[in-house]
Amino acid sequence: MLTSRPRGTNDIIPGEVEKWQYIEQIIRDVCCRYGYREIRTPIFEHTELFKRGVGETTDIVEKEMYTFTDRGERNITLRPEGTAAVVRAYLENKLYAGPQPVKLYYIGPMFRYDRPQAGRYRQFHQFGVEVLGAHSPGIDAEVMAMAMEVYTRLGLKGLELHINSLGCPECRPKLRESLQEFMGPKLQDYCPTCQDRFERNPLRILDCKNEKCSQLSAGAPTILDCLCDECAVFFHDVKTHLKELGIDYVVDETLVRGLDYYTHTAFEIMAEGIGAQSSVGGGGRYNGLVGQIGEKDIPGIGYALGLERILLTMEQQNVEFPPSWQPDIFIVTASPEAELTVLKLLAKLRGMGYKADKDYNGRSLKAQMKYAGKLNARYAAIIGENELENGTVMIKDMTTGEQKEVADNKVTEVLGGK
RNA sequence: GUGGGUAUAGCUCAGCAGGUUAGAGCGCCAGAUUGUGGCUCUGGAGGCCGUGGGUUCGAGUCCCAUUAUCCACCCCA
């Protein structure tokens with residue numbers, strides 16, 4: 001127990017962590033160029049925030065939250081997603097008082113008490129963006145464009161952007177009604193899950209993978225059929241923007257996002273290669289959410305991707321990662337008397353910005369060379385009796401195997417500038 | 001929450017119809033005549049065979065439970 005991590009969690013150890021850093025670096029760069037600023041919110045919040053924000057009837061709130069009471073009897077929950085907290089922070093810090101829209105991004109761990117499986121963990125990591133205070137369809141397109149750019153920059157292939165409109169509080173009830181009208185008569189023929197969905201969320205029935213259900217649902221009224229004029233125009237404009245940006249998409253009328261707060265645009269990015277969890281990111285517009293958490297009626301749109309899934313997909317697609325840490329030079333102590341000289345050279349090189357290291361296990365010369373090779377050092381510098389006497393350092397190029405003796409103040413010349 | 005598979009050295013896996021000191025490859029450490037890595041060779045360390053019960057003269061090997069892990073459903077990132 002003492003040496004095993006809790007279920008559904010992961011250690012990210014050296015060798016792995018460099019991949020994470022690489023992904024994060026690209027994400028931050030893209031955000032920066034699109035004008036999104038980072039926001040860091042607490043990892044836990046008042047439980048109420050998620051209940052209100054994510055929706056009481058969602059799976060997340062009903063059965064997946066890490067909730068506990070703290071020593072002050074407060075009801076606390078580890079965040080299961082990012083949007084609610086960002087909206088809370090936007091309101092609490094009165095960011096609405098500044099220039100609008102406010103474009104934010106976050107990156108960090110989220111917690112959901114789910115059963116782990118490929119690409120699904122109890123502590124996982126999300127990168128997400130939220131735009132508060134912008135209502136035009138152009139910003140929807142920007143968020144999607146930005147998401148796609150992240151994937152592209154990471155080197156992912158075979159991605160599909162699925163988009164749909166979920167309508168607004170005006171037209172959604174209409175859809176619900178006509179769906180129930182359509183399905184009601186043959187409800188008994190649907191699978192038990194769908195029968196259950198009938199009252200709670202008939203939209204989901206369209207999404208059922210059960211073959212019989214999808215047959216029964218053929219010809220059912222779709223969301224797009226029921227869109228009010230305003231929503232239809234909005235959706236049309238979003239698509240126009242995407243086309244102008246040269247971004248391919250497929251309209252997927254079965255795309256229904258599970259979280260309660262979505263309105264209008266919903267989208268999801270699918271990738272192949274990680275089993276059943278083919279969705280590597282998704283988002284949408286949530287014009288009602290801010291009003292639900294605070295008083296303000298402020299439109300919002302957001303998007304999130306799962307870092308674990310991105311990583312799995314990249315590995316599956318054999319994407320190349322930049323090489324992990326490797327020393328510029330490894331200094332070999334070839335005689336006990338050289339110890340202090342080695343130490344000083346090491347400090348000097350590090351001070352100049354080189355990645356430099358030495359042995360600390362009292363290894364033989366040969367073993368030190370071997371060790372330097374394992375560390376993948378670019379150069380090895382050897383200092384022993386001869387070098388001490390001559391005031392020199394023997395430098396060996398570990399790739400070519402060539403070596404030469406240089407004056408100890410000329411080492412950096414061999415290494416190349418820094 | 002539901003269903004199924006797996007659990008033997010750091011890693012990937014062997015292990016017979018249940019029978020004495022549990023193996024290999026890789027990795028790790030150390031050597032292969034006196035100051036040099038990557039190839040090769042030699043040696044060494046390292047395993048309550050996930051955990052707890054049970055069946056048996058005897059269990060890594062069979063049964064049950066438990067935990068972890070993997071896969072799928074649900075849902076989601």
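First the proteins, then the strands, lettered A, B, ... as listed; each starts at 1. Keep in mind that the numbers below use all heavy atoms, side chains included, and drop hydrogens, waters and symmetry copies.
- The residue among A:Ile269 and A:Glu402 whose nearest nucleotide of RNA chain B lies closer to the 5′ end is A:Glu402.
- Between B:G31 and B:G18, the distance separating the two C1' atoms is 42 Å to the nearest Å.
- Using a cutoff of 4.0 Å between basic side-chain nitrogens and carboxylate oxygens, A:Arg74 and A:Glu48 are not scored as salt-bridged.
- A:Gln117 has a side-chain polar atom (N or O) that falls below the 4.0 Å cut-off from OP1 or OP2 of B:A72.
- Comparing B:U67 with B:G52, their C1' atoms are spaced 10 Å from each other, to the whole Å.
- For the C1' atom pair drawn from B:U66 and B:G25, the interatomic distance equals 33 Å after rounding to whole Å.
- Ion pair A:Arg40/A:Glu38 flagged as a salt bridge, since at least one NZ, NE, NH1 or NH2 atom sits closer than 4.0 Å to an Asp/Glu carboxylate oxygen.
- Under the Watson-Crick and G-U wobble criteria, each requiring two contacts below 3.5 Å, nucleotide B:C29 is paired to B:G43.
- Taking atom P on both B:G15 and B:G53, the two are 28 Å apart, rounded to the nearest angstrom.
- The phosphate of B:C29 (OP1 or OP2) has a side-chain N or O of A:Arg363 nearer than 4.0 angstrom.
- Between A:Phe44 and A:Tyr66, the distance from one ring center to the other does not fall under 6.0 angstrom.
- Contacts of A:Gly82 with the nucleic acid, taken as non-hydrogen atoms under 4.0 Å apart, are absent.
- Out of B:C75, B:G38, B:C70, the shortest distance to the side chain of A:Pro116 is found at B:C70.
- Going from atom CG of A:Leu375 over to atom P of B:C28 covers 11 Å, rounded to whole Å.
- No N or O donor and acceptor, one from the side chain of A:Arg112 and one from the base of B:C76, sit under 3.5 Å apart.
- When heavy atoms are screened at a 4.0 angstrom cut-off, A:Gln403 is found touching base atoms of the nucleic acid.
- Comparing A:Asp397 and A:Ala367 along RNA chain B, the residue whose closest nucleotide (by nearest heavy atom) sits nearer the 5' end is A:Ala367.
- Of the candidate nucleotides B:A77, B:U36, B:C71, B:C71 has the atom nearest to the side chain of A:Ala118.
- Taking atom P in both B:G38 and B:C28, the straight-line distance is 11 Å, to the nearest Å.
- In this structure, A:Ile329 CD1 and A:Lys396 NZ are separated by 13.5 Å, a value rounded to the nearest 0.5 Å.
- Distance from the side chain of A:Lys374 is smallest for B:C28 among the nucleotides B:G35, B:C28, B:A30.
- Using P as the reference atom, B:A9 and B:G47 are 10 Å apart when rounded to the nearest Å.
- The base of B:G37 sits with one of its N or O atoms less than 3.5 Å from a complementary donor or acceptor on the side chain of A:Lys396.
- For the P atoms, the distance from B:C26 to B:G44 is 16 Å, rounded to whole Å.
- To the nearest whole angstrom, the two P atoms, one in B:G37 and one in B:U20, are 44 Å apart.
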